[in-house]
Enquirer: 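This is the structure I want to talk about, given as structure tokens.
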Amino acid sequence: MGNVFQQNNFDGNNPNGVAGAGAVAAGSAGPPPLPKAVAYYLAIKGKQEGPFDQEQLRGLVGEGTLTTSTLVWKEGLDNWTEADKVVELKDLFSQTPPPIPGV
């Protein structure tokens, strides 16, 4: 009686062992890079501070350090701009709840 066990070679995602049947070509592009977090700079008391990400800016709004009139710069802006004029930052200032009814 012959060998009852057959040796199978499994080549990752190419179980048939056929070149090109699932093999990734060398040098092919992988997934696109993750988007970079936007770095914001603030003018605070006449000095440039930063970089800050969105979450840090949210904290600065809560502290009162970042207001709608604080000058902000990020890559892509030509000049320092008031924070409430930067589209991506408008939501930071509109997160206050409405007044409690009947109070």
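Here the structure is a predicted model, which is why all the values come from computation and not from measurement.
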Enquirer: Which residue is it: Val61, Thr65, Leu66? I am looking for the one with a side chain to side chain contact (heavy atoms under 4.5 Å, CB included) to Glu63.
Expert: Thr65
Enquirer: Just do the side-chain contact (heavy atoms from CB on, under 4.5 Å) check on Thr81 and Val72 with the steps written out, would you?
Expert: CA-CA 5 Å; Thr81 306; Val72 176; 5.7 Å; no
Enquirer: Are any non-hydrogen side-chain atoms of Thr70 and Leu60 less than 4.5 angstrom apart?
Expert: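 Not touching, per the 4.5 Å side-chain cut-off.
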Enquirer: For residues Glu88 and Gln54, report the shortest heavy-atom separation together with the two atoms involved.
Expert: O-NE2, 3.3 Å
Enquirer: Do Trp80 and Gln48 have side chains that approach each other closer than 4.5 Å (heavy atoms only, starting at C-beta)?
Expert: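 Heavy-atom side-chain distance check passes, below 4.5 Å.
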Enquirer: Is there a side-chain contact between Leu71 and Leu42 in this structure, where contact means two heavy atoms from C-beta onward sitting under 4.5 Å apart?
Expert: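 The answer is no; the side chains never approach within 4.5 Å.
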Enquirer: Kindly determine whether Asp53 and Tyr40 satisfy side-chain contact (heavy atoms from CB on, under 4.5 Å), including the steps that lead there.
Expert: CA-CA 6 Å; Asp53 63 22; Tyr40 294 91; over 6 Å; no
Enquirer: Please walk me through it: do Asp84 and Leu89 pass side-chain contact (heavy atoms from CB on, under 4.5 Å)?
Expert: CA-CA 7 Å; Asp84 67 340; Leu89 301 182; over 6 Å; no
Enquirer: Flag the pair Glu75 / Val38 as yes when at least one side-chain heavy-atom distance between them is below 4.5 Å, and no otherwise.
Expert: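 Contact flag for Glu75/Val38 side chains = no.
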